[in-house]
Asks: 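This is the structure, below, for whatever I ask next.
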Amino acid sequence: MVRAACADWPQPVTLLAVGKGAWTMAAGVADARRVDGGLVVVKDGHAGSETLPVDVWEAAHPTPDRRSAAAGEELLARARGNIVLCVSGGASALAVAPFGVDLADKVAAARAVSAAGEDIHALNAVRKHLSRIKGGRLAEAARGDVLCLVVSDVVGDDPATVGSGPAAPDPTTYADALAVARRAPGVPASALAFLAAGARGELPETPKSLPGVTLRTLAGPDVLYAGALAAARARGLRTDGEPRWTGPVDALAARLAEVARALAPGSAFVVSGEPTIRLGPTVGRGGRAQHVALLVAAAGIPDDAAVLCAGSDGTDGPTRDAGAIVDAGTAGRAGDVARALAARDAGTALAAAGDLLTTGPTGLNLCDLYIAVA
């Protein structure tokens, strides 16, 4: 997809890529275009083994670190010429350039909004307005034309949302970001004050148009959903499903358990999307997919059913596990399930049950995949 999407772009190109799928996307650009320098920023362990004609840096995800800040500054410095910018999910944490606050307060603000259970659009409104690269600001600062190739990990494939839209016009405002931040406990006072100044018109807004940018979205959760349906049918299974799922983890788990109890033998039910989870003051091992999996196991499913819950990038939350595959015996093997769910420690319980799914990095990021099979 990447090779085809950049085949008409003038060469040589400056290749910039950031996100969990950045290395794979960058390899596609390097196959199709002559590359004259650039930078690829990936999550730790997500770089491929082949040599690329650009620098490859690793940084932290989901919580940015000093490497993330250095990567953000370097992307700003290298954005010149005929630029091909590859953006995939995870870019928001992997490259940051704090605006108006220091790195610690920017991280704290994003963590507070996420912990409050806000969706990705609300979270990104805050991220964009505390950044010099998000919300179209990287493209605005570029010294040259930008072809931005997007692989989406958000429902609806909005390029302004994927990776907080470093090359996409931003429809949100400081006032939007301030409203989100004010309803999330724990947002630092420095961030609230800066967003309030922006809402009063004292700061430049994120760009609402970017005439020098060509945006092309290549794939997203719908591609993941279609691929899962095709794989199930190739195995002789009857299929149904629900793409574009959003909403709380509890609702998704209840739906999956309900479906698993009703499925006829030889059937599969597929869901793609991104549920939200509200975190408490302490967080154990796991991610949202593992939490959904343990909720499904606690709800109870028949002996002839199994349910997969996984992140398509191969890492669910800040873990090395993609997710889990649960069955009728999971709850009995997992120990104190109620405690694990309350402590947001599903990963520990699923490890005890022997039901964690560990794939390693997949080289892409197309949201989450949930499959019930009988």
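All figures in this text were calculated on a predicted structure; none of them were measured in a lab.
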Asks: Let me see the working for Lys128 and Thr172 under side-chain hydrogen bond (donor to acceptor under 3.5 Å, both in side chains), right down to the final yes or no.
Replies: CA-CA 9 Å; Lys128 291 174 181 180; Thr172 69; 4.8 Å; no
Asks: Hydrophobic clustering (ILVMFWY, side-chain heavy atoms < 4.5 Å, transitive) - are Val337 and Val307 grouped together?
Replies: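 They do share one cluster, since a chain of ILVMFWY contacts under 4.5 Å joins Val307 to Val337.
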Asks: Quick check: do Val84 and Asn82 have side-chain heavy atoms less than 4.5 Å from each other?
Replies: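 No, side chains not in contact.
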Asks: So, Arg216 side chain and Val150 main chain: donor-acceptor pair closer than 3.5 Å or not?
Replies: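 Between the backbone of Val150 and the side chain of Arg216 there is no qualifying donor-acceptor contact (under 3.5 Å).
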Asks: Identify the two heavy atoms, one from Val29 and one from Cys86, that lie closest to each other, and give their separation to 0.1 Å.
Replies: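 Between these two residues, the closest heavy atoms are CG2-SG, 3.7 Å.
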Asks: What's the spacing between Thr276 OG1 and Leu123 CG if we round to 0.5 Å?
Replies: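 So the gap between those two atoms works out to 11.5 Å.
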Asks: Keeping Arg137 on the side-chain end and Ser131 on the backbone end, is there a donor-acceptor pair under 3.5 Å?
Replies: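 It does hold such a pair.
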Asks: By side chain to side chain donor-acceptor pair (under 3.5 Å), which residues pair with Arg339, not counting sequence neighbours?
Replies: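 Testing Arg339 for side chain to side chain donor-acceptor pair (under 3.5 Å), a comparison that skips the adjacent residues, returns Asp345.
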Asks: About how many Å separate CG of Leu356 and OG1 of Thr359, when rounded to the nearest 0.5 Å?
Replies: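 Separation between the atoms: 11.5 Å.
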Asks: In terms of side-chain geometry, is the basic nitrogen of Asp44 or Arg67 positioned less than 4.0 Å from the acidic oxygen of its partner?
Replies: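 Salt bridge present between Asp44 and Arg67.
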Asks: For a quick test of reading the model, state the closest non-hydrogen atom pair linking Ser164 to Ser92 and the distance between them.
Replies: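 Closest approach of Ser164 to Ser92: OG-OG, 2.6 Å.
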Asks: Any chance you could measure His291, atom NE2, to Leu350, atom CG, to the nearest 0.5 Å?
Replies: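 Between His291 NE2 and Leu350 CG, I get 10.5 Å after rounding to 0.5 Å.
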Asks: Is there a side-chain hydrogen bond (donor to acceptor under 3.5 Å, both in side chains) between Asp355 and Thr330? Walk through the geometry before answering.
Replies: CA-CA 7 Å; Asp355 290 344; Thr330 296; 2.5 Å; yes
Asks: When you look at CZ of Arg66, are more than 12 heavy atoms from neighbouring residues, nucleotides or ligands closer to it than 6.0 Å?
Replies: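 For Arg66, atom CZ is not crowded (no more than 12 foreign heavy atoms under 6.0 Å).
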Asks: Got a donor-acceptor contact below 3.5 angstrom from the Arg235 side chain to the Ala231 backbone?
Replies: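 Yes, the answer is positive, given that a donor and an acceptor are paired below the 3.5 Å cut-off.
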Asks: Given side chains that start at C-beta, do those of Leu94 and Pro64 come closer than 4.5 Å, heavy atoms only?
Replies: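 A side-chain contact under 4.5 Å is absent here.
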Asks: Would you say CZ of Arg238 has more than 12 non-hydrogen atoms from neighbouring residues, nucleotides or ligands within 6.0 angstrom?
Replies: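 Yes, CZ of Arg238 has more than 12 neighbouring heavy atoms, counting only those of other groups under 6.0 Å.
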Asks: Write down the atom of Ala268, the atom of Leu237, and the distance for their closest heavy-atom approach.
Replies: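 Here Ala268 and Leu237 meet closest at CB-CD1, 4.0 Å.
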Asks: Could you report the tightest heavy-atom contact between Asp157 and Gly220, atom names first, then the distance?
Replies: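 Asp157 and Gly220 have their closest heavy atoms at OD1-CA, 3.5 Å.
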Asks: Does a side-chain N-to-carboxylate-O contact under 4.0 Å join Asp222 and Arg244?
Replies: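 Yes.
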Asks: Do Val180 and His121 touch side chain to side chain, with heavy atoms closer than 4.5 Å?
Replies: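 The answer is no; the side chains never approach within 4.5 Å.
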Asks: Is a side-chain donor or acceptor of Lys134 paired with a backbone partner of Ala167 at a separation under 3.5 angstrom?
Replies: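 Not confirmed, Lys134 side chain does not pair with Ala167 backbone.
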Asks: Measure across Leu224 and Cys367 and return the closest heavy-atom pair with its distance rounded to 0.1 Å.
Replies: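 Distance-wise, the nearest heavy atoms are CD2-O, 4.1 Å.
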Asks: Can you confirm whether Val326 sits close enough to Leu294 that some side-chain heavy atom of one is under 4.5 Å from a side-chain heavy atom of the other?
Replies: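 In short, these two side chains do not touch, never coming nearer than 4.5 Å.
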Asks: Around atom CG of Asp303, are there more than 12 heavy atoms from other residues, nucleotides or ligands closer than 6.0 Å?
Replies: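 Open.
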Asks: Ignoring hydrogens and angles, tell me if any N or O in the side chain of Arg278 forms a donor-acceptor pair with the backbone of Ala116 under 3.5 Å.
Replies: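 Side chain of Arg278 to backbone of Ala116: a pair is present.
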Asks: Starting from the C-alpha separation in whole Å, work towards a yes-or-no answer on side-chain hydrogen bond (donor to acceptor under 3.5 Å, both in side chains) for Asp316 and Thr319.
Replies: CA-CA 6 Å; Asp316 175 40; Thr319 76; 5.2 Å; no
Asks: Around atom CG of Asp36, are there more than 12 heavy atoms from other residues, nucleotides or ligands closer than 6.0 Å?
Replies: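 It does not: Asp36 CG has 12 such atoms or fewer within range.
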Asks: Answer yes or no: is there an ion pair linking Arg261 with Glu258, defined by an N-O contact shorter than 4.0 Å?
Replies: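 No, this pair does not count.
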Asks: Taking the hydrophobic residues Ile, Leu, Val, Met, Phe, Trp and Tyr, and joining any pair whose side-chain heavy atoms are under 4.5 Å apart, which ones share a cluster with Leu103?
Replies: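 Leu103 clusters with Val96, Val107.
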Asks: Is the closest side-chain heavy-atom distance between Trp245 and Glu274 below 4.5 Å?
Replies: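 Result no, sub-4.5 Å side-chain heavy-atom pair not found.
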Asks: Quick check: does any side chain N or O of Gln11 sit under 3.5 Å from a backbone N or O of Arg34, one acting as donor and the other as acceptor?
Replies: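 The answer is yes, because a donor-acceptor pair under 3.5 Å joins these two groups.
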Asks: Please list, one pair per line, the donor and acceptor atoms closer than 3.5 Å that link side chains of residues 12-26 to other protein atoms, with sequence neighbours excluded.
Replies:
from	atom 1	to	atom 2	distance (Å)
Thr14	OG1	Arg80	O	2.8
Lys20	NZ	Asp313	OD2	2.6
Thr24	OG1	Gly363	O	3.0

Asks: If you apply the rule side-chain hydrogen bond (donor to acceptor under 3.5 Å, both in side chains), what do you find for His46 with Glu58, and how did you get there?
Replies: CA-CA 8 Å; His46 283 238; Glu58 293 185 334; over 6 Å; no
Asks: Donor-acceptor pair, Asp105 side chain versus Asp102 backbone, under 3.5 Å?
Replies: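 No.
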Asks: Can you find a heavy atom in the side chain of Ser312 that is under 4.5 Å from one in the side chain of Leu369?
Replies: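 SC-SC contact between Ser312 and Leu369 ruled out.
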Asks: Nearest 0.5 angstrom please: Tyr174 OH to Leu195 CG, how far?
Replies: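 Reported to 0.5 Å precision, the distance equals 7.5 Å.
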Asks: Given Ser88 and Leu364, is the side-chain contact (heavy atoms from CB on, under 4.5 Å) satisfied, shown in steps?
Replies: CA-CA 8 Å; Ser88 56; Leu364 53 75; over 6 Å; no
Asks: Scan side-chain atoms only and decide if Arg233 and Thr239 contain a donor-acceptor pair under the 3.5 Å cut-off.
Replies: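 There is such a pair (donor and acceptor under 3.5 Å, judged by atom type) between the side chains of Arg233 and Thr239.
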Asks: Determine, step by step, whether Leu138 and Leu85 satisfy the side-chain contact (heavy atoms from CB on, under 4.5 Å) criterion, reporting the C-alpha distance in whole Å, the side-chain angles of both residues, the deciding distance to 0.1 Å, and the verdict.
Replies: CA-CA 10 Å; Leu138 177 57; Leu85 171 64; 4.0 Å; yes
Asks: Can any side-chain N or O of Asn124 pair as donor or acceptor with the backbone N or O of Arg127 at less than 3.5 Å?
Replies: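 Checking the backbone N and O of Arg127 against the side chain of Asn124, no donor-acceptor pair under 3.5 Å is found.
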Asks: Closest approach of Ala93 and Pro62, non-hydrogen atoms and distance?
Replies: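 Looks like CB-O, 3.4 Å.
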Asks: Under 6.0 Å between ring centres: does that hold for Tyr370 and Phe269?
Replies: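 No - the distance between ring centres of Tyr370 and Phe269 does not fall below the 6.0 Å cut-off.
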Asks: Answer whether the closest heavy-atom distance between the side chains of Phe194 and Leu203 falls below 4.5 Å.
Replies: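 Answer yes - side chains close enough.
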Asks: Determine, step by step, whether Val373 and Leu263 satisfy the side-chain contact (heavy atoms from CB on, under 4.5 Å) criterion, reporting the C-alpha distance in whole Å, the side-chain angles of both residues, the deciding distance to 0.1 Å, and the verdict.
Replies: CA-CA 7 Å; Val373 177; Leu263 274 179; 5.6 Å; no
Asks: Answer yes or no: is there a donor N or O on one side and an acceptor on the other, between the side chain of Arg344 and the main chain of Leu279, under 3.5 Å?
Replies: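 Not at all, since once roles are kept as given, no pair shorter than 3.5 Å links the two residues.
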Asks: May I ask you to check whether over 12 heavy atoms, not counting those of Glu202, lie within 6.0 Å of atom CD?
Replies: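 Yes.
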Asks: Does atom CZ of Arg333 have more than 12 heavy-atom neighbours from other groups under 6.0 Å away?
Replies: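 Count over threshold, so yes.
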Asks: Got Arg285 and Asp321 here, is their nearest side-chain heavy-atom distance under 4.5 Å?
Replies: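 They are in side-chain contact.
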